[in-house]
Trainee: 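Below: one structure in structure tokens.
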Amino acid sequence: MTDLLWLRQDLRLHDQPALIAAAHAGAVIPVYVLDDEAPGAWKIGEAQRWWLHHSLTSLADALEKKGSRLILRHGKAEAILPALLEETGAERVHAIRHYEPWWRDAEAALGDRLCRYDGNHLARIEDVTTGAGAPYRIYSSFWKGLQPHLPSDKPLPAPRSIPAPETWPRSDRLADWHLLPTAPDWSGGFDWTPGETEALRKVKQLALDGYDERRNLPSEEGTSRLSPHLHFGEVSPRTVWHATEGADTIFRKELAWRDFTDGVVSALPDYADVNGRRRYDTLPWRSGTAAQADLRAWQRGRTGYPIVDAGMRQLWQSGWMHNRVRMITASFLVKHLLIDWREGERWFWDCLVDADYGNNSVNWQWVAGTGVDANMFGRIMAPIGQSEKFGAGDYIRRWVPELKHLDDSAIHDPDAAGCRPDSYPAMLIGHREARERALAAGKKVR
DNA sequence: CAGCACTTCTC
DNA sequence: AGAAGTGCT
């Protein structure tokens, strides 16, 4: 008997329950379907296509070492997979559950031909609910509710070998998918090694001493940088959970955020497009030429606020941004520039190697104050204050070369220090003025 | 239902 | 120290 193993955001061989079950049943045909139709506007973004190319290469190598292969197909997964079942005479599809709305639809469409397994979350999403049976909207309550469902089983080892079918179906050539950027190749600054081997190496070398403080300092390497590996499932959250036994709980709380945000988007599938609090539909976001120019300045890292520009340039050049700076840049777009959060969400989606439907939408709506979890619109971050508070001097000097020569006394606010070089843009808007404009706009919401 | 507590702050 | 809306128990 032969079964299909449908791989999506679980590109690994260890702790891979769908693989173990398929191999137990008989021969396995591992398949990855590049589905750019079902997700609509949320198809895989540009930076992640680069990641995907390398991660699939790494996965195909690992499968071949186990006597198997990776079959590549493109098209709508819910059509491709039944056709592949037919073609190969396979009986069932084995896959790990995913909670993006398009994956839930595809899973439903496959009906009883699909065997689903838990594996990409700490707990099964539908198991963690409030006393009333609804999904949590407040993280701290979610964390409490998660406790009885935390993983206790040890992660599954990778199988020694994977039973192969007598004949293999044809596969697309990865190169034909053109996942890598060509003209221009903007990925030159990407300092990443996609794939399971590197993901597991990072987990092994996790140093969480002082994580609580250090994770907030953009100038230091205080975060785990596991997010893209977790998004693509190159390592399972359960593996990370077990590796951090006895470590700082703050880190484990960060890990549980993936579960929380998937709970939100599983209850509210269009959360990436629709305000969680519908009354914010009346908020008068700026639009028109001036707003377009401001959006472009933000995207390119030319707002005149050093910490914002450093973050946006790090994002563009490296495919990633430090978490503290994500908050500052996002708040700046929404409150200081009064531009719809969905513009920022879209830009992050295309630029981040760790872009994730749940995390991206929930966190943008949190910052914007439009979300179901409670941050108030009137709460406006002070970018320069944040830059000083979290010691971002070295970080700015690294990403904004025009300001390289400035010391800590001047770098957070070169204008105030009277030493802004001509090559560096003036502030798009002053902090006080922007703050008042945002508060006035916020008052227009019923 | 009332009271408690809230990831990411500001002055 | 203040400000502040609301999800959750």
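Throughout, protein chains are lettered first and strands after them, A, B, ... in sequence-line order, and every chain is numbered starting at 1.
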Trainee: Within this structure, what is the OH-to-P distance between A:Tyr139 and B:dA5, rounded to whole angstrom?
Mentor: 18 Å
Trainee: Checking all strands, does A:Met381 fall into the base, sugar-phosphate, or nothing category for heavy-atom contacts under 4.0 angstrom?
Mentor: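 Sugar-phosphate, backbone atoms only, no base.
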Trainee: Given B:dT8, is OP1 or OP2 found less than 4.0 Å from the side-chain N or O atoms of A:Gln386?
Mentor: no
Trainee: Just compare B:dC6, B:dT10, C:dC8 and give me whichever is closest to any side-chain atom of A:Lys389.
Mentor: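 Nearest nucleotide to the side chain: B:dT10.
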Trainee: Strictly under 6.0 Å, is that where the ring centroids of A:His121 and A:Trp241 end up?
Mentor: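 No: the rings miss the under 6.0 Å criterion.
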Trainee: Where the side chain of A:Met376 is concerned, which of B:dC9, C:dG7, C:dG5 is the nearest nucleotide?
Mentor: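 It is C:dG5.
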Trainee: Between C:dC8, B:dC9, B:dT10, which nucleotide has the shortest distance from any of its atoms to the side chain of A:Ala382?
Mentor: B:dT10
Trainee: Measure from NZ or CZ of A:Arg225 to the centre of the six-membered ring of A:Trp192 and say whether it is under 6.0 Å with the direction within 45° of the ring axis.
Mentor: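 That pair qualifies as a cation-pi contact.
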Trainee: With distance as the sole criterion, is a donor-acceptor pair present between the side chains of A:Arg296 and A:Gln292 under 3.5 Å?
Mentor: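 No, no side-chain donor-acceptor pair sits under 3.5 Å.
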Trainee: When the distance from CE of A:Met321 to C1' of B:dT8 is rounded to whole Å, what number comes out?
Mentor: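 It is 15 Å, rounded to the nearest whole Å.
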Trainee: So what's B:dC4 paired with, Watson-Crick or G-U wobble, going by both distances under 3.5 Å?
Mentor: C:dG7
Trainee: When the distance from CG of A:Asn216 to P of B:dC9 is rounded to whole Å, what number comes out?
Mentor: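 After rounding, the reported distance stands at 8 Å.
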Trainee: Using a cut-off of 4.0 Å on non-hydrogen atoms, how would the nucleic acid contact of A:Ile380 be classed: base, sugar-phosphate, or nothing?
Mentor: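 A:Ile380: backbone/sugar contact only, no base atoms under 4.0 Å.
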Trainee: Could you tell me how far apart A:Leu439 (CG) and C:dA4 (C1') are, to the nearest whole angstrom?
Mentor: 13 Å
Trainee: Rounded to the nearest Å, what distance is computed from the CZ atom of residue A:Arg379 to the C1' atom of nucleotide B:dT8?
Mentor: 8 Å
Trainee: Does A:Arg279 put a side-chain nitrogen or oxygen below 4.0 Å from OP1 or OP2 of C:dT6?
Mentor: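 Looking at the OP1 and OP2 atoms of C:dT6, one of them is under 4.0 Å from a side-chain N or O of A:Arg279.
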Trainee: Which part of the nucleic acid, if any, lies within reach of A:Asn363 when heavy atoms closer than 4.0 Å are counted: base, sugar-phosphate only, or nothing?
Mentor: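 Touches a base.
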Trainee: Closer than 4.0 Å, any side-chain N/O of A:Tyr136 to the OP1 or OP2 of C:dT6?
Mentor: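 So the side-chain polar atoms of A:Tyr136 never come under 4.0 Å of the phosphate oxygens OP1 or OP2 of C:dT6.
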Trainee: Provide, to the nearest angstrom, the distance between the CD atom belonging to A:Gln147 and the P atom belonging to C:dT9.
Mentor: 13 Å
Trainee: Any side-chain to backbone donor/acceptor pair from A:Glu46 onto A:Cys351? Under 3.5 Å, distance only.
Mentor: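 No; zero donor-acceptor contacts below 3.5 Å.
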Trainee: Nearest to the side chain of A:Met327 - B:dT8, B:dT10, B:dC9?
Mentor: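 Looking only at side-chain atoms, A:Met327 lies closest to B:dT8.
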Trainee: Write down the distance between CD (A:Glu388) and P (B:dT10), rounded to a whole number of angstrom.
Mentor: 11 Å
Trainee: Using a cut-off of less than 4.0 Å, is there contact between a side-chain N or O of A:Arg324 and OP1 or OP2 of B:dC9?
Mentor: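 For A:Arg324, the contact criterion (side-chain N or O under 4.0 Å from OP1 or OP2 of B:dC9) is met.
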Trainee: What is the minimum heavy-atom distance between A:Lys335 and A:Arg379, and which atoms define it?
Mentor: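 That would be NZ-O, 2.9 Å.
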Trainee: Rounding to a whole Å, what distance do you find between A:His431:NE2 and B:dT10:P?
Mentor: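 Answer to the nearest Å: 7 Å.
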